[in-house]
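Read the structure below first, then the notes.
Below, chain A is the first sequence line, B the second, and so on; all start at residue 1. Note that the coordinates shown come from a computational prediction; the quantities given were computed from them, not determined experimentally. These values consider heavy atoms only, across backbone and side chains, with no hydrogens, waters or symmetry-generated copies.
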Amino acid sequence: MDIQLKRGLLDVCVLAAIKNEDSYGYQIVKDIKPFVEISESTLYPILRRLEAAELLTVRSAEHNGRLRKYYHITPLGRQRIETFKKEWSEIISVYNFIVKEDVGNDKT
Amino acid sequence: MTKHEFLSRLRDLLTGLSHEDIEGSVDFYGEIIDDIVESGASEEEAVAALGSAEEVAANIRSQASADEDEHDRCKEDHSEQAEEEKTVCDPAAKSGSDENDCPGEDFENIVIDAGDADVRLVLSDSGKLEVDCPDSDIHTFYTVSVENGTLMIKKTEDGKRYNLFNMKWHMHIGINQGSDEITVSLPARRYNKLRVNSSMGCVKADESLSFVSAEINTSYGDVIFSSGVTDELSAKTAYGDLAVTGIAPNKLAVSSTCGDIKLSSVKVVGHVSAWTANGDVKLTDVTCKDLTCGSTAGDTKLRDVIADGSIICTNVHGDIQLNKCDAKSLRLTTKFGDVRGTLLGKKVFTVTTVLGDVSVPSCESGEQCIVTTVCGDVSLSLE
């Protein structure tokens, strides 16, 4: 997938991965991997960016005698997912336009 | 490789990034390794699953430079989005006073807190102050005021949330066709202090303006500075490039973490410092008293650089290239790069290298030039 396209989608994917319950780094990667290729070193800057934008918050909690960071979506984060869903229809219409052009060219 | 070995190798490889970036990455990977081990792998397997520390470090760094690319849009034309959601913020209107009585004229300092917008400073065609910033019908994103002789442009709380609520679809998929821009058109005269802070934006100051001193800070944007400065210019960017041309201040300090630095046609009375961690440093036609410069990962190129006092150039990985440069004393250091080029005037060379080949003229008398490398070759000649 185009790298620019992927980078933009990953932000929303990460928010989606924590929208139902708080999650942690390794789990987020496992959840997203089946759909979009993501590595741990790609995830880290995204988490920091989303935290800086107040789309998620971070807390450390004890797990098996060590600290693990859990990421929690904020109302702003949810808003961003909603906006994304809403505006996706614009992308679909652009996609339809592109596909239509293709068919036209094939005929000539 | 054990977890401990992996993390300490990673820490070494990230040298040059901020302390926060390094420790944050190391904590993050430590936790991931623990989690993989907990899911049933051995420590060795968990570390192996992440790839080599070199790959991981390169990935973290390239992510940083990808962020840089995304925000590298100073060079793009802003005319398109300029039509959208922009109004002229007139300080006179904001303060509710009579149009003829423009408080906008009564200032000598300028402070701009741009948030994520680009900032562009230009000469006013009409001879009047005009501030053009992103706005909408409902919200005020910036306030413009004049207080105690200072023009202040600040982002409001609404403004800070603007981008989150008003993301266009193309921004979601990573296509950013340029950001909002604050354009400040200033009447022609010399201003005292200019201070600009921007997180995401680029900062451009036109050659037709002049300031006593200027301080520019941005995290992601480029800085292109060609306004006149008489006393001191200090410019910093974390991810952007920095270009300064045609100025003659008393003092000049520029630095970047990931970007390149270019200085050209600069005459400085005192000290010049130019540092970057990951980019290249390029100085062309620069005169000054003393110069300190260098890059951790990049090359340093000096052409027609003349210092009355000393030139101290310190690289780690990159080459040092000099072309018709001169100073009373030169100290050129790079661990892994080569040192090459031409100097003016007689020099007494003192070269220390572990593995490099050395080719320098031998002079009995002249100014000092001390060159130190570990692996790099040294090849200098005199003109």
Nearest 0.5 Å, what's the [atom1]-[atom2] distance between [X] and [Y]?
X       : Y       : atom1 : atom2 : result
B:Glu31 : A:Ser60 : CD    : OG    : 8.0 Å
A:Lys69 : B:Ile32 : NZ    : CD1   : 11.5 Å
B:Asp21 : A:Arg48 : CG    : CZ    : 4.5 Å

Checklist entry - Between the side chain of A:Tyr44 and the main-chain N/O of B:Ser25, is any donor-acceptor distance below 3.5 Å? => result yes
Checklist entry - Mind checking what makes side-chain contact (heavy atoms from CB on, under 4.5 Å) contact with A:His63, not counting sequence neighbours? => result A:Arg66, A:Arg68, A:Tyr70, B:Glu38
Next on the checklist: Is B:Ser39 close to chain A through its backbone or its side chain, or both, or neither, when contacts mean heavy atoms under 4.5 Å?
Outcome noted: side chain
Checklist entry - Do you know which of B:Leu50, B:Asp34, B:Val56 has the most heavy-atom pairs with chain A at a distance under 4.5 angstrom? => result B:Asp34
Checklist entry - More than 12 non-hydrogen atoms from neighbouring residues, nucleotides or ligands closer than 6.0 Å to CD on A:Glu37, yes or no? => result no
Checklist entry - Under 4.5 Å between any side-chain heavy atoms of A:Leu43 and B:Phe28, yes or no? => result yes
